[in-house]
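Quick note: numbers below take in every heavy atom, side chains included, and nothing from hydrogens, waters or symmetry partners. Just so it is clear: chains get the letters A, B, ... in the order the sequence lines come, proteins before strands, and each one is counted from 1.
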Amino acid sequence: MEFSRPRGTRDFLPEETSKRRWVENIIRDTFERYGYKEVQTPTFEHLELITAKSGDEIRAHLYHFKDKSNRDIALRPEFTAPVMRLYVNELQSRPKPLKLYYFGNCFRYERPQSGRFREFWQAGVELIGSGYPEAEAEVIALTVETLKKLGLQEFETHIGHIGVLRKVLKKSGVEENDQNLVLGLIDKGEIEELKNVLDELRLKEKDKQLIFNLLNLVGRNEVILKAETLLRGNIDALKELERLREVLRWLKEFGVSDYHVNFGIARGLDYYTGVVFEIYSKKLKAQKQICGGGSYSLAEVFGGEKVATCGFAFGFDRVVLALEAEGVDLGAKAKKEFLVVMTGESLLPKAIEIASMIRNRFPCHVDLMRRRLGKALAYANSIGIPFVVIVGEEELKEDKVILRDMKTGSQKEVSIKNIEKDILKVIE
RNA sequence: GCCACGGUAGUGUAGCCUGGUUAGCACAAGGGACUGUGGAUCCCUUAGCCCGAGUUCAAAUCUCGGCCGUGGCCCCA
């Protein structure tokens, strides 16, 4: 009986795993350079935690089930809610700002396609405790820096502010629940449906026009000035806009100036409250969003003290896809790897001993197939092992072995006693 | 949830339209030719029609359903 993978899951073969690990390590390293500490949360949580503030779309695509004690359980579809639960449960009294990062798999029951899987990986950070604009700016700067460190070039950063739209809607008389509905439609880009809903909510023509004008503002910093004109008279909205302007000013200090201001970014999760941003890879097709984030409000939803928070998540799989689409070499540098072979089976114990010595410095195989010398060399060649140590009767008499460079074919005798040092000398 | 295209050894494929020998080929893998030197050559071995139902004397081939894959819609990361 042969089994296949569940739909939307993947096996990662050695080559791909190694590439993914390379990307993962750079992401982790960059997060840690900014002072973030890793946390791990359970793969599954209580259903209510996930559904509390996640938005209908996420809810519709949850993997959830009842466990044997009839508890409602959901596989995590993202990390922000679990990490904030962890914060509320365990870390509220830590010094601020608290900087946490995570890397792990998430699950959503969706139709698989390019860049979309039922099990996928996210890497992200949550910055807890600073409500200042420079904190939000640093978080955005971190995403850009991480992508640059990875070698990604063809990406676009869009930054907006949910508060601006919310305040406009509020002044137009739209309640919070309806605001979420409207923001959802904006996020989806469903303009016709949006018009209908705004009509149903009996918005004035002037207010509707303002909303559509705002949504059409996409561009560089000049957009802020245009928005300012549009929002004249709405003090609350102007305050939010000023906040966005401050974040952008700080962003410049962090060396980030290549972005688009876009008020159409509404994000699908209901917990976002302020600055929001998304990053798109220009090289990816249908699923090109590789990062999303912003400032949000969740701690109080989970029974904690209200605290300023912002964060983001990379779609790890999509980042890998984008890097590959740009032809970035994902850590494919040749490793110094060894194979110890022998001229006769009786020398295997000696070969094992020598392999252990080499392993103090390098990855090393010993032939486990009882191959003859020729076959063993062919094997080394076919799997790309660059160096072979040949254990032979003749050389052993002088306590030596042969070190063969598979690329050039050159060979040198090295003494077993100093094998670690001698190998270093020969292969460099 | 919707749409399009697809599924033959580990990989890539021929055969399908027009049903009919033992499903062909290449590469890969393991062994050998070859007892101390690789990428060559030759030989051998292992291994396949996604699943189910229907039509038929006969199904890889035609029909239907399912599963899975790829891409798109939607949504997200």
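Distances shorter than 4.0 Å separate some side-chain N or O of A:Gln113 from OP1 or OP2 on B:rG72. A close approach under 4.0 Å does not occur between any side-chain nitrogen or oxygen of A:Ser4 and OP1 or OP2 of B:rC68. A close approach under 4.0 Å does occur between a side-chain nitrogen or oxygen of A:Gln289 and OP1 or OP2 of B:rA77. For the OP1/OP2 pair of B:rA77 and a distance below 4.0 Å, the side-chain nitrogens and oxygens of A:Arg318 include no atom meeting the criterion. Contact annotation: A:Arg111 side-chain N/O to B:rC74 OP1/OP2 distance is not under 4.0 Å. Proximity of A:Arg371 to the phosphate of B:rU37: no side-chain N or O atom is located under 4.0 Å from OP1 or OP2.
Here A:Phe312 and A:Phe314 bring their ring centres to under 6.0 angstrom of each other.
Nucleotide B:rU56 forms a pair with no other nucleotide shown, judged by Watson-Crick or G-U wobble geometry with both contacts under 3.5 Å. Across all strands shown, B:rG19 forms no Watson-Crick or G-U wobble pair with both key distances under 3.5 Å.
Side-chain atoms of A:Glu395 come within donor-acceptor range of the base of B:rG36, with a qualifying N/O pair under 3.5 Å. In the interface, the side chain of A:Arg404 is paired with the base of B:rU37 through a donor and an acceptor atom under 3.5 Å apart.
B:rA77 atom P lies 16 Å from atom CG of A:Asn105, rounded to whole Å.
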